[in-house]
Amino acid sequence: MSSSTPRPDDEAVEAGAAGRDFIRDIIDEDNRTGKHGGRVATRFPPEPNGFLHIGHAKSICLNFGLAKEYGGTCNLRFDDTNPLKEDERYVRAIEEDVRWLGFEWDAEFHASDYYPALYDFAVKLIKQGAAYVCSLSDEAIRQYRGTVTEPGTPSPDRDRSVDENLDLLARMRQGEFDDGTYTVRAKIDMANPNMKMRDPPIYRIRHASHHRTGDAWCIYPMYDFTHCLSDSLEAITHSICTLEFENNRELYDWFLDTLEVQYHPQQIEFARLSLAYTVMSKRRLLRLVEDKYVHGWDDPRMPTIAGMRRRGYTPEAIRAFCEKIGVARRDNLVDLAFLEYCVRDDLNPKVPRAMAVLRPLKLIIDNYPEGEGETLTAINFPDDPPRMGERTIPFCRELYIEREDFMEKPSKGYFRLAPGKEVRLRWAYLVTCVSVTKDEHGEVTEVHCTYDPESRGGSPADGRKVKGTIHWVSAAHARPAEVRLYDRLFTVPSPDAEEDFTAVLNPESLQVLEAFVEPSLAEAAPGLRFQFERQGYFIADPDGTKDRPVFNRTVALRDGWAKLAKANVTQG
RNA sequence: UGGGGUAUCGUCUAAUUGGCAGGACAGCGGAUUCUGGAUCCGCAUGUCAAGGUUCGAGUCCUUGUACCCCAACCA
């Protein structure tokens, strides 16, 4: 078959739908064989012990996306079985993030909703002789478990009678015992080569208040026991999780088989997302927040959904990213450039342009009348002028330009401003540098130019070509603004591999600049996005005030000159 | 050293199930441009290794190698 003949799903891919992957293959096959009666029911099951990150976004897009594509359902389920680490605050943050990403769940559940049912299942297991109450300490349990190469040894309580187990469980539940004195364990196989099958604990005593059930319980079910049964109770068809739960699947199936539940969902594992130059475990992210390496869960440097939102990323960009990286089972480390591409690609057509000077250098037009000024017209979206209209910008004799846009001794290929060189001031005039003034350190403090009055708007009357165009703001009208530049949080691609990941934090991940912005930007409401021409995409931050807006750089523009300059340097 | 997994351009990911190894990002070159942006065109780069089966192997077989996960009363 010719390669130019489109395959059936090529159109779907082009239409923006997610691509093919092994999970969709499994579902197609299940639908073909009628395994779940053609039903597709997924769930996104976060533990409310931290904020969601980009790795969760991948899972969210997968689970909700599958439900949408197959006309199924997707629940939001909080896996809240550990009262010590969980909090209502995280529940609210997670709900907000999922909605912001553009998904709405069919039903919201909490594992804690199932505590009574789960307790009954534990009783049933005991009655079946498939679980027992164990009095071993956590250390003892660990020792009895053996190692990966040596079998474990049975707990002395393994053959406790059903009646005694039932009595002990009831008393555990009544609060008769202290934390750590007893656990309920599944009775499986202490010599099983799969460590997860060596009589895993399913209930532990924790005299702690739960954010939803308060003090109603002092015993809490554990993950393996809770998760499969929650899935079953919700009649989930495809229980999608990450690869590290692969060993748990045998246990997942064991509980459901042993308890002979009506619905036996299928657990399917996929490789979690790793993003270069950041960490993705909630444990480490929590550490960054608690030890104040960042300013909170929503710090724009964080890989959290909240951080990316504040940074200016859009839900569309994040969704596109999650679809483009695909779903597979091999370990991966996704390039930061790929995420940034998705962000630029989304922002480029929908964000208006503006001018801001981040590192100001004064430019004086010697032949422009002192004390006079004029108003020029700038187009908000040059690639499609009618679409976002135009705005006016004030111009006068003294301006600020970017320090980077002037070089006293221009290097090869530099076509911005330099002594004797002519450039275009964006939307304004052509200017030629005639002299510079310097301070006592030899630092250039002012650039003097003459302008061509016949080039108003930026087009010279004689049609001569000027290679360089630079941005500027009128010194008399410029508004001060704080600009926050973000860089990768870590200096190495895989900080997780480091002994101490905090040792490789990037000290320059945040740079705060005192910038000048064009007047139209002064009152930008928080959340408004702009492309500062030639620099990048920015979003107005809630920290801004009426007289002093704050802009976060979402992502820089690709910089061809920086690349060229770097190549020149390495060449010698 | 036990068990469970995974290996395809630098990166992410496909390959109609044994039939020309494709796409995207990154890179490089060119065109174009009032953003060194965007856009357009083009180029280069890959099947973990060694054997075997076959007209034909990324795909099947054998033997290796590398990496990931599992010994929390976390999820």
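Both backbone and side-chain heavy atoms feed into the values below; hydrogens, waters and symmetry mates do not. So you know, we letter chains A, B, ... as the sequences are listed, proteins then strands, and number each from 1.
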Taking O4'-C1'-N9-C4 for purines and O4'-C1'-N1-C2 for pyrimidines, is B:U53 syn (within 90° of 0) or anti? anti
Mind checking if A:Ile325 touches a base, just sugar-phosphate, or nothing, with heavy atoms under 4.0 Å? sugar-phosphate
Pairwise N/O distances under 3.5 Å, protein to nucleotides 3-7 of chain B:
| residue | atom | partner | partner atom | Å |
| --- | --- | --- | --- | --- |
| B:G3 | N2 | A:Asn247 | OD1 | 3.1 |
| B:G3 | N2 | A:Asn247 | ND2 | 3.2 |
| B:G5 | O3' | A:Arg329 | NH2 | 3.3 |
| B:G5 | O2' | A:Glu246 | OE1 | 3.3 |
| B:U6 | OP1 | A:Arg329 | NE | 3.2 |

Got a sec? Which of residues 45-59 of chain A come in under 4.0 Å of RNA chain B, heavy atoms? A:Glu47
Separation between the P atoms of B:U47 and B:C12, rounded to whole Å: 16 Å
Kindly state each residue pair satisfying salt bridge (charged side-chain N to carboxylate O under 4.0 Å, His left out) with at least one member in residues 344-353 of chain A, sequence neighbours excluded. A:Glu316-A:Lys350, A:Glu340-A:Arg344, A:Asp346-A:Lys350
Listed once per pair and sorted, the salt bridge (charged side-chain N to carboxylate O under 4.0 Å, His left out) pairs that draw on residues 265-285 of chain A, sequence neighbours left out: A:Glu244-A:Arg272, A:Arg249-A:Glu269, A:Glu269-A:Arg329, A:Arg284-A:Asp496
Could you please name the option among B:A75, B:A71, B:U35 that lies closest to any side-chain atom of A:Arg142? B:A71
Applying salt bridge (charged side-chain N to carboxylate O under 4.0 Å, His left out) as the test, list every pair that has at least one member in residues 187-197 of chain A; sequence neighbours left out. A:Asp159-A:Lys187
Listed by chain and number, what are the ring-ring contact (aromatic ring centres under 6.0 Å, His included) partners of A:Phe530, not counting sequence neighbours? none
Taking only the side-chain heavy atoms of A:Asn332 (C-beta and beyond), determine which of B:C12, B:A71, B:C73 contains the nearest atom. B:C12
Go through the structure and list residues passing ring-ring contact (aromatic ring centres under 6.0 Å, His included) with A:Tyr277, not counting sequence neighbours. none
Would you give a per-nucleotide map of nucleotides 22-32 of chain B, 5' to 3', where B means the base has a protein non-hydrogen atom under 4.0 Å away, S means only the sugar-phosphate does, and - means neither? --SSSSS----
Please list all pairs passing the side-chain hydrogen bond (donor to acceptor under 3.5 Å, both in side chains) test where one or both residues lie in residues 453-474 of chain A, with sequence neighbours left out. A:Glu374-A:Arg456, A:Glu402-A:His471, A:Glu422-A:Arg464, A:Arg424-A:Thr469, A:Asp452-A:Arg464, A:Asp462-A:Arg464, A:His471-A:Arg534
Under the 3.5 Å Watson-Crick or G-U criterion, the dot-bracket string of RNA chain B, with | for inter-strand pairs: .((((((..((((.....[..)))).(((((.......)))))....(((((..]....))))))))))).....
Residue list, ring-ring contact (aromatic ring centres under 6.0 Å, His included) with A:His110, at least two apart or on another chain: A:Phe78
Restricting to pairs with a member in residues 44-55 of chain A, which pass salt bridge (charged side-chain N to carboxylate O under 4.0 Å, His left out), not counting sequence neighbours? none
